[in-house]
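Quick caveat: nothing in here was measured; it's all calculated off a predicted structure.
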Amino acid sequence: AAPAAPANLLTAGRLFCNAFKHPALLDVFLLHASEILDGLAASAAADAKPPARLALATALLNLSVVAQLPAVAEVAAQAISAGSELLLAAPVEDEDSRFRCLLALGTLAAASKENKELAGDLGLGDVAAALVAGGAPGGGKVRDAAADLKAVLASK
């Protein structure tokens, strides 16, 4: 399949984010969360447009907030993987996307033992530690969110 156009990624990402405001839409979107995350995957790339990266990071954050729902638990590994890709690829100056991504990853990791293990296996503890130790270029909120992720992954 041809890669999605940047405008389509942004529109899809925003639509998915906005679905979390409306319970009826949320239920429908969560039924297709895996496909939606697959479609938004290109937003995690380093060459993705900043608004598309922000939409993906916001979608991951919204998913993490409702992580206790069975539909979200089914796609948690996919969300963590997408978040890991986004965090590693996002430029330093993309502070908002990195911040939201770190919050989402920490919240998802805290939701279950399996999620925490996956995040650890993907090396997110080391990434978070490096962001904390290196002063997390891009601001204090990124460093603080990285410290929170590091703490979640280090907890027993």
Side-chain angles (χ1 to χ4, degrees), residues 4 9-10 12-46 48 52-90 92 94-134 136 138-156:
L9 285 175
L10 180 58
R14 286 183 174 166
L15 182 63
F16 190 46
C17 290
N18 289 334
F20 286 83
K21 295 179 183 178
H22 307 285
L25 288 177
L26 177 60
D27 291 341
V28 171
F29 273 76
L30 288 179
L31 287 173
H32 302 283
S34 179
E35 293 89 350
I36 293 168
L37 286 173
D38 283 345
L40 295 176
S43 298
R53 280 195 305 269
L54 185 60
L56 175 58
T58 303
L60 295 173
L61 183 57
N62 288 349
L63 275 171
S64 75
V65 170
V66 293
Q68 76 283 358
L69 297 175
V72 177
E74 292 177 14
V75 296
Q78 187 178 0
I80 292 169
S81 177
S84 174
E85 290 179 37
L86 177 61
L87 184 60
L88 294 172
V92 171
D94 197 352
E95 181 179 345
D96 287 336
S97 294
R98 294 173 59 185
F99 174 68
R100 291 178 192 194
C101 186
L102 284 162
L103 289 179
L105 290 167
T107 304
L108 286 165
S112 77
K113 178 183 176 191
E114 293 82 13
N115 291 353
K116 187 189 318 186
E117 288 174 355
L118 174 60
D121 290 346
L122 290 173
L124 292 174
D126 294 336
V127 172
L131 289 171
V132 172
K141 69 182 188 178
V142 171
R143 182 179 54 251
D144 292 346
D148 290 344
L149 175 58
K150 181 181 168 191
V152 166
L153 294 177
S155 67
K156 296 290 178 189

In this structure, OG of S97 is separated from CG of L56 (nearest 0.5 Å) by 8.0 Å
Taking all non-hydrogen atoms of both residues, which atom of T107 and which atom of S64 are closest, and how far apart?
CG2-O, 3.3 Å
Would you check if the side chain of R98 reaches a backbone N or O of V92 as a donor-acceptor pair within less than 3.5 Å?
yes
Shortest non-hydrogen contact from L153 to A109?
CD2-CB, 3.9 Å
Taking all heavy atoms of S43 and all of A48, pick out the closest pair and write down the distance.
O-CB, 3.5 Å
Heavy-atom count check: over 12 atoms from other residues, nucleotides or ligands less than 6.0 Å from K116 NZ?
yes
Would you sort out whether L60 and R100 count as a side chain to side chain contact (heavy atoms under 4.5 Å, CB included), showing the intermediate values?
CA-CA 8 Å; L60 295 173; R100 291 178 192 194; over 6 Å; no
Output for pair (L69 CG, E74 CD), nearest 0.5 Å, gives 10.5 Å
Output side-chain donor-acceptor pairs under 3.5 Å for residues 26-39, partner residues at least two apart or in another chain, one line each.
residue	atom	partner	partner atom	Å
S34	OG	Q78	OE1	2.9
D38	OD1	Q78	NE2	2.7

Show, in sequence, the C-alpha distance, side-chain angles and deciding distance for L124 and S84, and conclude whether the side chain to side chain contact (heavy atoms under 4.5 Å, CB included) test is met.
CA-CA 7 Å; L124 292 174; S84 174; 3.8 Å; yes
Tightest non-hydrogen contact, residues L103 and A145, listed as CD2-CB, 4.1 Å
Minimum heavy-atom separation for A76 to N115, with atom names?
CB-OD1, 3.5 Å
Salt bridge (charged side-chain N to carboxylate O under 4.0 Å, His left out) between D96 and K141: does it pass, once the steps are laid out?
CA-CA 9 Å; D96 287 336; K141 69 182 188 178; 2.8 Å; yes
When rounded to the nearest 0.5 Å, the distance separating CG of L86 from OG of S81 is 11.0 Å
Interatomic spacing from CG in L149 to CG in L105 - rounded to 0.5 Å
6.0 Å
As a quick check of understanding, evaluate side chain to side chain contact (heavy atoms under 4.5 Å, CB included) for L87 and L102, giving each step before the final call.
CA-CA 7 Å; L87 184 60; L102 284 162; 3.7 Å; yes
Minimum heavy-atom distance A67-V72, with the two atoms named
CA-CG1, 3.6 Å
